Amino acid sequence: MSAPMVYDPGGYELDEDQKRVIRWTIYVGYIALLAGIFHGLAQALSYAKIDILGYFPGLRGYYQGLTAHGIANAIIFTFSFANGFLPLMTARATGRQLLRSLLWLSFGLLVLGNLLVIYAVVGNKASVLFTAYAPLKAHWTFYVGMALVVVSTWVASANMFITLARWRREHKGERIPLLAYISVFSYAMWDMASVPIAVSFLGLLTPWTLGIIPKIDPLLTRTLFWFTGHAIVYAWLLPAYVSWYALIPRQVGGKLISDTYGRVTFLLFLLLSIPTGLHHQYTDPGVSPTMKAVQGVLTFGIMVPSLATAFSIMAALEMGGRANGGTGLLGWIRKLPWSDPSVAAQLLAMLTFVLGGATGFVNASYVMNQVVHNTTWIPGHFHMTVGSAVAMTLMGVAYWLIPYLTGRQLWKPKLGVASSWIYTIGILIFARGMISAGLEGMPRRIYRAKATYTDPAWDLGGILTGIGGTLMFIGIALFFVVIAMTVVAGKRGAGVPADIPFSETLAPPSTTGWDTNLDRIKLWVAVAIVLIALAYGPFFIMYFPARFISPGFTGF
Amino acid sequence: MLALARGAEAKDMDTADHVGRVQRLSEVLAGSTGMDTQRASDVGWSAMLHDVGKLHVPDKILLKPGPLTAAEWKIMRKHTIWGAEILANGDGFEIARTRVNMMLIPGQVGRLTHVFREPGEYLLICHEYCGMGHHTMSGKVIVE
């Protein structure tokens, strides 16, 4: 690989047994990614009216597979990765070891939660899709399993908080290392955001499915879901941003332009990610239009840190490209280390994220949302965010992280580069198809190959979806070949990164002045809680008492 | 909701008007029990959906000119059960290429008005997953 990496083994060294737990935590994520893409392919082809469901032994229906795809790829993959990656970054940035007990506890809860969810989904006891809208009723193992996965993220957070707190006790008056700061803020945001879904799954849906409470309030559980449900997309995204901010500049031979800028961005995510969930409920009756509008405006606020990220990362990339001999207005782009699979995957992830972000503006707009709500526009959008910006970054990180954790050289890096290009071309064709057909009203979440209705205007979009989805499948399959061969047959010894590639900043953070306030984590968490209370308080005050009226329904 | 009810009935032109009559009758009946006007109006609106289960009945049965066979009656009779399932379940619907797009949530009343400017046949789709037969749930809105 051409990118300069830190190969100095004399530096930081994480204990071998801690590396092992982190490795297995991350493996759970990649296995979930692999498990989910088969039905992803079936869905894309179904939109092209090609039905391959008959080739799935044991699958009892399209929506069972759709549930598995959503849970495995959007939730288990992302959080397993974050559970390993963010604590590792915190440990490295503070130069400390993590708490062994919490590492194992987090891993154990993640595995247990997964086993319960797999039992429910594979047995067709929980074909409720990953949104799990009541009154569709799943088996209790589904709700409890999902909640345990959430609890495993809390334990991983606790590990980071404690590690950071110990570092701060020994380094009074020093600024928190940037990499630790952004890692901790990512999960601090998620810890707050995940409380409503935990309350809903454990406090309402589990007792309901067990018959302890006879009826459920569908709008209440829906609102609790989306209370978490928009912030969850930032919980998927922020680990990718951690790599873009703190690792990618070094991998391309540049530096991060501003320490303060990076901290402010993650602070804005902490403050604004959560009070935005109602824009997923624009078309819901029973929620006041005023509350929807307030959160709609806040949703536009959350776009600020993402736009800020674009400028900051671009500057770091340009610095790297010019250092490698790039000249002219755009000539530096060619000089970026495109042959490094880790860099190529993440650069392409950033490119598709431009389109993912732009389509997000439409979803956030109250009136335009009515045209696209629950059409294929929506999965077209989110496959360009979580399905590419996040997924490709997490794959790109694997190209150095798996060698780092296993001590084995990456197997055939060129194949890794090819994987990212095939996936990118695939996602662009796929999203073009979904987005255009969505504008013509093609609904999402339907088994189109067997639907009793259709519209000729959906045909081209459906075919593009099928072609793009097939390429995406091939791209990820190649990724798995590279990673599996690395783990099994990668050469040991030279060429294995001995350290994580973390970046320098142009200037160190100042230890005086206003920006030291950015490190007051407790203060900012308190501010975030006030904002959440202002955005969601009026809804809940007006809403209660809840209407427990639906006995529930198992239609799968 | 009007669109959804009309959609269910639109397949069955003889009773297209039937929805409006049921709405008015139910509202008057509800009002005469002493309910307040808003609630009686909600009852009227809800009553329009009593045949919504017909969205699952294939056109060839619903629109069959002659008498139905025993097997066809068996399917036709299920429309009440399907209707109950649709209403008890969280659903949603859209009319393709319009801004008519709404979630249907048990316990909540949603109102939506839309003026169709172009005559024609519009496709009405159940767009929120509601169980195994989700992809068979559609209707038509005919604007003359």
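Residue numbers begin at 1 in each chain, while the letters A, B, ... track the order of the sequences. Only a predicted model underlies this, so the values are computations on that prediction, with no experimental measurement involved.
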Original post:
Which bit of A:V367 comes within less than 4.5 Å of chain B, counting heavy atoms only: side chain, backbone, both or neither?
Top reply: both
Original post:
So do the side chains of A:L439 and B:R97 get within less than 4.5 Å of each other, counting heavy atoms only?
Top reply: no
Subject >> Atom of B:M137, atom of A:Y453 and distance for their closest heavy-atom approach >> reply: O-CE2, 3.9 Å
**OP:** Would you mind telling me which of A:V128, A:T554, A:D217 has the largest number of heavy-atom pairs within less than 4.5 Å of chain B?
**Re:** A:V128
Original post:
In terms of heavy-atom pairs under 4.5 Å, which option from A:I216, A:V372, A:L129 contacts chain B the most?
Top reply: A:L129
Original post:
Given the rule in the side-chain contact (heavy atoms from CB on, under 4.5 Å) test, do B:Q108 and A:R547 qualify, once you have shown the distances and angles that lead to the verdict?
Top reply: CA-CA 9 Å; B:Q108 304 298 331; A:R547 302 163 184 81; 3.8 Å; yes
**OP:** Hey, could you give me the OG/CG distance between B:S138 and A:D455, rounded to the nearest 0.5 Å?
**Re:** 11.5 Å
**OP:** Walk me through it: do B:M103 and A:R222 pass the test side-chain contact (heavy atoms from CB on, under 4.5 Å)?
**Re:** CA-CA 11 Å; B:M103 303 305 295; A:R222 254 178 96 80; 3.6 Å; yes
Original post:
Are B:I105 and A:P285 side-chain neighbours, meaning at least one heavy-atom pair lies under 4.5 Å?
Top reply: yes
**OP:** In sequence, state the C-alpha distance, the side-chain angles, and the governing distance for A:Y133 and B:E128, and then conclude on side-chain contact (heavy atoms from CB on, under 4.5 Å).
**Re:** CA-CA 10 Å; A:Y133 290 143; B:E128 187 53 81; 3.4 Å; yes
Original post:
Non-hydrogen atoms of chain B under 4.5 Å away: do they reach the side chain of A:R445, the backbone, both or neither?
Top reply: both
Original post:
Heavy-atom distance under 4.5 Å to chain B: side chain of A:T454, backbone, both or neither?
Top reply: backbone
Original post:
For B:K64, does the NZ atom sit with more than 12 other heavy atoms under 6.0 Å from it, leaving out its own atoms?
Top reply: yes
**OP:** Report yes or no: does B:Y129 contribute a side-chain atom to a donor-acceptor pair with the main-chain N or O of A:S127 at less than 3.5 Å?
**Re:** yes
Subject >> Interface moiety of A:R60 toward chain B, non-hydrogen atoms closer than 4.5 Å >> reply: neither
Original post:
With a 4.5 Å limit on heavy-atom distance, are the side chains of B:M132 and A:Y447 in contact?
Top reply: no
Original post:
Hey, is the main chain of A:H373 close enough, under 3.5 Å, to the side chain of B:N101 for a donor-acceptor pair?
Top reply: yes
Subject >> Closest-packed option against chain B by number of heavy-atom pairs under 4.5 Å, given A:T375, A:D284, A:V371, A:N369 >> reply: A:D284
**OP:** Side chain from CB out, backbone as N, CA, C, O: work out which of these in A:L219 comes under 4.5 Å of a heavy atom of chain B, or both, or neither.
**Re:** both
Original post:
What about A:Y63 and B:H135, are their ring centers closer than 6.0 Å?
Top reply: yes
Original post:
Which atoms form the tightest heavy-atom contact between B:I125 and A:P443, and what is the distance?
Top reply: CG2-CG, 3.7 Å
Subject >> OH (A:Y55) with more than 12 external heavy atoms under 6.0 Å >> reply: no
**OP:** Consider only side-chain N and O atoms of B:E94 and A:N374, and report whether a donor and an acceptor are under 3.5 Å apart.
**Re:** no
Subject >> A:Y282 and B:M102: CA distance, side-chain angles, deciding distance, side-chain contact (heavy atoms from CB on, under 4.5 Å) verdict >> reply: CA-CA 9 Å; A:Y282 280 154; B:M102 188 190 254; over 6 Å; no
Original post:
Do A:F553 and B:C130 have side-chain heavy atoms sitting under 4.5 Å apart?
Top reply: no
